[in-house]
Amino acid sequence: MRPAEDRTYRVREFAELAGELMKACDPDAQIARAKEKFATQTPSREQIRKATAELAQAATTPFMKAAFRRRILEIRAQNEQTIDRHTIDSVLYSGFDASAVEKAQNKVKDFRKWIEDRKDELTALQVIYAGTRPLKISLKELRKLKDALAAPPLAVTPTQLWRAFEAAEADAVKGPGGSQLADLVTLVRHAIEPTTSLAPYADAVRQRYAAWLGEKSADAKFTPEQREWLDRMAEHIATSIELQPDDFQDGWFGQHGSLGRAHALFGDRLTPLLAELNERLAA
């Protein structure tokens with residue numbers, strides 16, 4: 001257990017983050033920042049807008065770090081409890097009773113038959129069954145697969161399927177999953193090949209990224225800013241399966257200079273770098 005001082009510091013740190021978020025939404029704080037930034041008592045609307053953007057940037061920057069976001073998810077997982085009286089999830093906790101295991105086994109059996117019956121109907125299933133590497137599949141096709149699973153006769157979510165495998169095949173499951181669309185890839189792959197482990201798709205991408213960095217001797221070849229961009233690229237692939245030039249216009253990339261900044265950082269290496277990351281990580 002961590003000492004009380006460390007826990008207190010961490011609580012205070014989160015409180016400060018919350019305070020910065022509140023300040024970024026506070027009109028009075030926005031005006032005060034504009035007065036300070038532009039040295040005027042009567043800031044214009046444009047000056048207030050720029051000051052507001054600066055406050056928002058400062059408040060959200062900590063959340064842009066992948067390690068910090070993972071820590072938040074860990075804390076959530078440690079403290080969250082879900083009660084569901086209508087599906088097998090209501091009894092899937094550490095220590096499954098016989099009834100829960102039987103329901104889970106039936107759910108898994110139905111899922112395997114369902115994908116076998118529909119492997120020629122849904123593009124996502126066709127691609128995964130083909131086993132082509134690197135994986136060439138879009139989030140749009142995965143959403144279609146998710147919607148099809150949600151309809152009768154299965155009427156199930158990826159998270160419910162994941163928990164069914166946890167109960168029915170505990171030794172094969174390596175961590176909680178199902179919350180990301182990309183996890184559908186590993187669910188289908190495991191259903192097809194039961195001897196393979198069932199781990200969150202993002203975990204496998206991060207492992208491949210770490211191996212790729214090791215091969216590149218990243219600390220010697222990339223600047224700190226380039227490393228931050230590379231980390232973001234890997235995280236994008238971990239949740240979205242691929243990274244295309246258009247993706248640099250949104251989210252963290254859009255806030256940090258978009259495609260233009262990426263070109264400035266990597267130059268002629270950007271295009272082959274994207275192709276290499278997609279090929280190595282989206283496996």
Side-chain angles (χ1 to χ4, degrees), residues 2-80 139 179-181 202 205-206 209 213 218-219 222-240 242-267 269-270 273-274 277:
R2 292 182 175 136
E5 294 81 5
D6 185 45
R7 293 198 301 272
T8 301
Y9 171 75
R10 291 179 179 275
V11 170
R12 183 166 64 250
E13 189 177 50
F14 277 104
E16 290 171 357
L17 288 172
E20 290 298 315
L21 290 170
M22 293 295 292
K23 183 163 61 174
C25 301
D26 184 353
D28 291 336
Q30 295 165 2
I31 293 172
R33 178 63 184 137
K35 289 180 179 179
E36 177 186 355
K37 179 177 177 66
F38 298 101
T40 176
Q41 290 300 309
T42 56
S44 66
R45 182 173 300 178
E46 178 62 17
Q47 289 172 331
I48 294 174
R49 186 190 68 77
K50 291 181 178 180
T52 300
E54 186 176 285
L55 288 172
Q57 178 68 39
T60 57
T61 293
F63 296 89
M64 298 299 176
K65 295 188 177 298
F68 180 75
R69 296 198 303 276
R70 287 197 294 271
R71 180 57 185 150
I72 290 177
L73 291 175
E74 289 171 359
I75 293 172
R76 176 184 176 185
Q78 291 168 2
N79 294 278
E80 187 177 64
L139 290 182
S179 60
Q180 298 288 339
L181 267 176
V205 170
R206 292 176 189 129
Y209 176 56
L213 285 177
D219 292 337
F222 299 114
T223 67
E225 186 177 5
Q226 287 173 330
R227 271 299 306 274
E228 175 71 3
W229 276 71
L230 287 171
D231 290 348
R232 300 289 179 177
M233 293 178 193
E235 281 299 308
H236 185 92
I237 294 172
T239 56
S240 302
E242 65 176 356
L243 176 64
Q244 298 298 327
D246 288 347
D247 295 323
F248 286 103
Q249 305 306 121
D250 302 315
W252 184 90
F253 300 115
Q255 295 173 0
H256 289 76
S258 302
L259 187 58
R261 184 56 185 163
H263 276 297
L265 281 173
F266 297 102
R269 290 191 295 168
L270 181 61
L273 187 62
L274 282 178
L277 285 174

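Only heavy atoms go into these numbers, but all of them, side chains included; no hydrogens, no water, no symmetry mates.
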message: Rounded to the nearest 0.5 Å, what separates atom CD in Glu228 from atom CD in Glu225?
response: 9.0 Å

- request: May I have the step-by-step check of side chain to side chain contact (heavy atoms under 4.5 Å, CB included) for Asp26 and Leu55, ending in yes or no?
  value: CA-CA 10 Å; Asp26 184 353; Leu55 288 172; over 6 Å; no

Closest contact, heavy atoms only, Ser258 versus Gly254: OG-CA, 3.5 Å

task: Determine the minimum heavy-atom distance between Leu270 and Leu259, stating which atoms define it.
output: CD2-CD1, 4.0 Å

message: If you compare all heavy atoms of Thr60 against all heavy atoms of Leu21, which two are closest, and at what distance to 0.1 Å?
response: CG2-CD2, 4.3 Å

- prompt: Judged by atom type as modelled, is there a donor-acceptor pair below 3.5 Å linking the side chain of Gln30 to the main-chain atoms of Ala24?
  reply: yes

field: Interatomic spacing from CG in Leu265 to OG1 in Thr223 - rounded to 0.5 Å
entry: 6.5 Å

message: Do Gln255 and Gln57 have side chains that approach each other closer than 4.5 Å (heavy atoms only, starting at C-beta)?
response: yes

- line: Interatomic distance, CD@Glu46 vs CZ@Phe38, rounded to 0.5 Å, equals 8.0 Å

- request: Working to the nearest 0.5 Å, report the span between OG1 of Thr239 and CG of Leu139.
  value: 7.5 Å

task: For the residue pair Phe253 and Trp229, categorise the inter-ring angle as parallel (less than 30°), tilted (30 to 60°) or perpendicular (more than 60°).
output: tilted

message: Contact between Leu274 and Phe266 at the side-chain level, heavy atoms closer than 4.5 Å - yes or no?
response: no

- prompt: Would a distance-only check, ignoring hydrogens and angles, find a side-chain to backbone donor-acceptor pair under 3.5 Å from Asp247 to Gln244?
  reply: yes

- prompt: Step by step, would you call Lys50 with Gln47 a side chain to side chain contact (heavy atoms under 4.5 Å, CB included)?
  reply: CA-CA 5 Å; Lys50 291 181 178 180; Gln47 289 172 331; 5.8 Å; no

field: Separation between CG of Asp231 and CH2 of Trp252, rounded to the nearest 0.5 Å
entry: 9.0 Å

- prompt: Looking only at heavy atoms, what is the nearest atom pair of Lys35 and Gln41, with distance?
  reply: CE-O, 3.4 Å

message: Please find the pair of heavy atoms, one from Glu242 and one from Ile237, that lie closest to each other, and give the distance.
response: C-CG1, 4.1 Å

query: Going by heavy atoms in the side chains, are Tyr209 and Met233 under 4.5 Å from each other?
result: no

- line: On a heavy-atom basis, the closest approach of Phe222 and Arg269 is CE2-NH1, 3.7 Å

